[in-house]
Amino acid sequence: MIRINELQLPLDHPTEALRPAIVARLKINDAELRDFTVFKRSYDARKKNSEITFVYILDVELSNEASVLKRFAKDHNIRPAPDTAYYPVAQAPTALNERPLVIGFGPCGLFAALTLAQMGFKPIVLERGRDVRSRTKDTWALWRNKVLSPESNVQFGEGGAGLFSDGKLYSQIKDPKFYGRKVMHEFVRAGAPEEIMFVSKPHIGTFRLTGVVSSMREEIKALGGEVRFDSRVTDFLISDGRIEGVQLADGEELRSRYVVLALGHSARDTFRKLHERGVYVEAKPFAIGFRIEHPQSLIDTARLGKYAGHPQLGAADYKLVHHASNGRAVYSFCMCPGGMVVAATSEPGRVVTNGMSQYSRNERNANAGIVVGIHPEQDFPGGPLAGVELQEQLESRAFELGGSDYCAPGQLVGDFIRARASSSLGEVQPSYQPGVLLGDLAAALPAYAIEAIREALPAFGKQIRGFDRQDAVLTGIETRTSSPVRIKRDNISLQSLNTRGLYPAGEGAGYAGGILSAGVDGIKIAEAVATAMLADRQT
């Protein structure tokens, strides 16, 4: 195969235009082109007054590849295509009696379990929450009726926190082995749209993702794996620096010397238990802030100009950064085009926000987190769990500011910038359910964060006209941007630094951020577990 980079075609080109474009680019006869696939399709809309074109990366099969490569030897946009196929690192022997445990069934746990199952290791998955259908009902109970289920919500349950999000499947991680392609491929096999394999910013959307996740769960079970819901791990059985198994909330003990910790970033009780049991945990940086909402049409016009609303481009997104004069970095986080702000708490008496979109991305508002980076040494000294404690304090305060009934505190952007309380909404209607109580958000975050965001919003308005409009809505608070802890692991074996057989993984352990990177980390961990199980069996 040969890879062609930077092949441009007009935005409205027909599908059949690709083949003659390849033939012309390579200066070959049509008969020499056996087949081709689109590896990636993107567009550049940074210059709104110029024509937007699609830019392709294509993998092509020719009858005379060697001669074509020789002819274009000095053209860096025509090169041999890399092998992006996935090759399992191991296969479990039929007589292998021990089974690995996977704690957590978010994107990381899902791919760790799926990859282990595909290699024949028959994992047992322990998920504290409920299956995806039941979990959806529980989540809607909070959004519509202010009834929280602490074990089944936006954070806990099949699919993890990524299920109730935009379903974004892009990341900036280094991926030399193309594990991200396996993540995409497995999603497509399970029912995700095929376009996620090649569009530049793929997404699935929450409701479509629910069916995909349940299909993948059934494959794990068909391959001999086991998935247990309502199975909260309450203790870890550790002897002489080695994991021996876990204890569940109902008192049952499960023995295994290979345990994957795919906890997610909100398993605070489990973080505390790990620390209590002596597993090495350290505090790590994360970010805090608010959700901001604008009309999606405003973002489309600002980002796409005359192409706003073009069906091939869909709802526009953005990514913003501002370095405030007080030394803080303020940036947009988890931008959800055509989406909604959702209640994302997992604990009674606390309020947390998150963003979510459906596959269509056709809701009225665009939303994103506007967050400030914070650091253990500077902002929450006091030990490995100090970040957890800070999150809890801020979320409890947000609950009070919202009226102590799971409504969220809110404020108009113009009022926030001018440091005055809001009392009525403008054109922008907040999407957060159960509801928003307007007031003054200055009490919701530390003073340094408020100061930095107040400075950043007008700066963002210079990049996106109208971003700092008076009636854009801020909703509080955003605290679970990433895990406040890192459960450190060895870079080679991927095991805990001081607990053999324990494999910290994904967002909760501080090694991923988002669905794609969490899935990739799950695959890496599965390979490490499989390799270790076979090596230990031979000794």
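Remember, it's a predicted structure, so these values are computed and weren't measured experimentally.
Between Glu478 and Thr353, the side chains place a donor N or O and an acceptor N or O closer than 3.5 Å (distance only, hydrogens not considered). In this structure, a donor-acceptor pair under 3.5 Å is present between the side chains of Arg268 and Gln391. Looking only at atom types and distance, the side chain of Lys284 has a donor-acceptor partner in the side chain of Ser482 under 3.5 Å away. Judged purely by distance below 3.5 Å, without hydrogens or angles, the side chains of Gln358 and Asn362 never pair a donor atom with an acceptor atom. Counted by atom type alone, Ser431 and Glu293 present one or more donor-acceptor pairs between their side chains at under 3.5 Å. Side-chain contact of Gln118 with Gln91: a donor-acceptor pair under 3.5 Å is absent, judged by distance alone. Side-chain N/O atoms of Lys273 and Gln247 include no donor and acceptor closer than 3.5 Å. Donor-acceptor pairing under 3.5 Å is lacking for the side chains of Asp521 and Tyr179.
A donor-acceptor distance shorter than 3.5 angstrom exists from the side chain of Arg489 to the backbone of Pro504, with no hydrogens or angles considered. Side-chain atoms of Asn153 come within 3.5 Å of backbone N or O of Pro150 as a donor-acceptor pair. A side-chain donor-acceptor contact under 3.5 Å links Gln296 to the backbone of Gly338. In this structure a side-chain-to-backbone donor-acceptor pair under 3.5 Å is present from Ser256 to Arg99. Using modelled atom types, no side-chain atom of Thr499 and backbone atom of Gly241 make a donor-acceptor pair closer than 3.5 Å. Using modelled atom types, no side-chain atom of Glu158 and backbone atom of Gly106 make a donor-acceptor pair closer than 3.5 Å. Checked by atom type and distance alone, the side chain of Ser215 never pairs as donor or acceptor with a backbone atom of Val213 at under 3.5 Å. Side-chain atoms of Ser483 come within 3.5 Å of backbone atoms of Gly508 as a donor-acceptor pair (strictly under, hydrogens ignored). Of the possible donor and acceptor atoms, none in the side chain of Tyr432 sits under 3.5 Å from a partner among the backbone N and O of Arg291. Side chain of Gln495 to main chain of Gly501: a donor-acceptor pair is present (N/O by atom type, distance under 3.5 Å, no hydrogens or angles).
You'll find the ring centres of Tyr87 and Phe178 outside the 6.0 Å limit. Aromatic ring centroids of His203 and Tyr359 lie under 6.0 Å apart.
Judged by a 6.0 Å distance limit and a 45° cone about the ring axis, Arg242 is positioned over the six-membered ring of Tyr258. Cation-pi geometry between Arg135 and Phe156 is not satisfied (NZ or CZ under 6.0 Å from the ring centre, within 45° of the ring normal). In this structure, Arg41 is positioned above the aromatic face of Phe54, its NZ or CZ under 6.0 Å from the six-membered ring centre and within 45° of the axis. With a 6.0 Å cutoff to the six-membered ring centre and a 45° limit on the axis angle, Arg181 does not count as a cation-pi contact of Tyr86.
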For this session: Kindly indicate, with the supporting measurements, whether the criterion side chain to side chain contact (heavy atoms under 4.5 Å, CB included) is fulfilled by Arg133 and Ser214.
Result: CA-CA 9 Å; Arg133 302 297 176 188; Ser214 2; 4.3 Å; yes
For this session: Go through the steps to decide whether Asn498 and Ser496 satisfy the test side-chain hydrogen bond (donor to acceptor under 3.5 Å, both in side chains), and finish with yes or no.
Result: CA-CA 5 Å; Asn498 65 349; Ser496 161; 3.3 Å; yes
Problem set entry | Trace of the ring-ring contact (aromatic ring centres under 6.0 Å, His included) decision for Phe286 with Phe333 | CA-CA 12 Å; Phe286 61 104; Phe333 168 79; over 10 Å; no
For this session: I would like to know whether Arg303 and Asp317 meet salt bridge (Lys or Arg N to Asp or Glu O under 4.0 Å); could you show each step before the answer?
Result: CA-CA 8 Å; Arg303 304 302 284 178; Asp317 62 5; 5.5 Å; no
For this session: Determine, step by step, whether Leu274 and Leu263 satisfy the side chain to side chain contact (heavy atoms under 4.5 Å, CB included) criterion, reporting the C-alpha distance in whole Å, the side-chain angles of both residues, the deciding distance to 0.1 Å, and the verdict.
Result: CA-CA 11 Å; Leu274 288 164; Leu263 302 174; 3.9 Å; yes
For this session: Quick one: do Val188 and Met197 satisfy side chain to side chain contact (heavy atoms under 4.5 Å, CB included)? Show the steps, please.
Result: CA-CA 8 Å; Val188 170; Met197 296 297 297; 3.8 Å; yes
Problem set entry | Residue pair Val351, Thr345: steps toward the side chain to side chain contact (heavy atoms under 4.5 Å, CB included) verdict | CA-CA 6 Å; Val351 162; Thr345 187; 5.9 Å; no
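Between Glu127 and Arg232, none of the side-chain N atoms (NZ, or NE/NH1/NH2) sits under 4.0 Å from a carboxylate O, so this pair counts as no salt bridge. A salt bridge does not link Arg272 to Glu276: none of the charged nitrogens lies less than 4.0 Å from a carboxylate oxygen. Look at Arg537 and Glu98 and you find no salt bridge, because none of the NZ, NE, NH1 or NH2 atoms lies under 4.0 Å from a carboxylate O. Ion pair Asp138/Arg130 flagged as a salt bridge, since at least one NZ, NE, NH1 or NH2 atom sits closer than 4.0 Å to an Asp/Glu carboxylate oxygen. The residues Asp230 and Arg128 are annotated as not salt-bridged, no charged nitrogen and carboxylate oxygen being separated by less than 4.0 angstrom. The pair Arg217-Glu226 fails the salt-bridge criterion, with no side-chain N (NZ, NE, NH1 or NH2) lying under 4.0 Å from an Asp/Glu carboxylate O. Using a cutoff of 4.0 Å between basic side-chain nitrogens and carboxylate oxygens, Glu395 and Arg480 are scored as salt-bridged. In summary, Arg228 and Glu252 engage in a salt bridge, as defined by a charged side-chain N under 4.0 Å from a carboxylate O. Between Arg255 and Glu253, at least one side-chain N (NZ, or NE/NH1/NH2) sits under 4.0 Å from a carboxylate O, which counts as a salt bridge. A salt bridge does not link Glu527 to Lys524: none of the charged nitrogens lies less than 4.0 Å from a carboxylate oxygen.
Closest approach of Ile299 and Ala366 over heavy atoms only: CG1-CB, 3.9 Å. Scanning both residues, Pro484 and Phe271, for their nearest heavy atoms gives CD-CE1, 4.5 Å.
One finds the CD atom of Gln433 at 14.0 Å from the OG1 atom of Thr139 (value rounded to the nearest 0.5 Å). Interatomic distance, CD of Glu194 versus NE2 of His185, reported as 10.5 Å (0.5 Å rounding). Rounded to the nearest 0.5 Å, atoms CG (Leu494) and OH (Tyr511) are 8.5 Å apart. We find the CZ-CH2 distance between Phe164 and Trp140 to be 9.0 Å, quoted to the nearest 0.5 Å. For the atom pair CD1 of Ile487 and CG of Leu502, the computed distance is 7.5 Å after rounding to the nearest 0.5 Å. Here the CG-CZ distance, from Leu116 to Phe111, works out to 13.0 Å after rounding to the nearest 0.5 Å.
Between Ile292 and Asn367 there is no side-chain heavy-atom pair separated by less than 4.5 Å. Within the 4.5 Å cutoff, side-chain heavy atoms of Phe187 are placed close to those of Ile515. Between Val260 and Ile103, the closest side-chain pair of non-hydrogen atoms is not below 4.5 Å. Using a 4.5 Å cut-off on side-chain heavy atoms (C-beta onward), Ile370 and Ser332 make contact. Using a 4.5 Å heavy-atom cutoff, the side chains of Arg189 and Glu219 are in contact. Put simply, the side chain of Leu126 reaches to within 4.5 Å of the side chain of Val246, judged on heavy atoms. Annotation: side chain of Val341 is not in contact with side chain of Val436 (no heavy-atom distance under 4.5 Å). Within the 4.5 Å cutoff, the side chain of Val147 has no heavy atoms near those of the Leu142 side chain.
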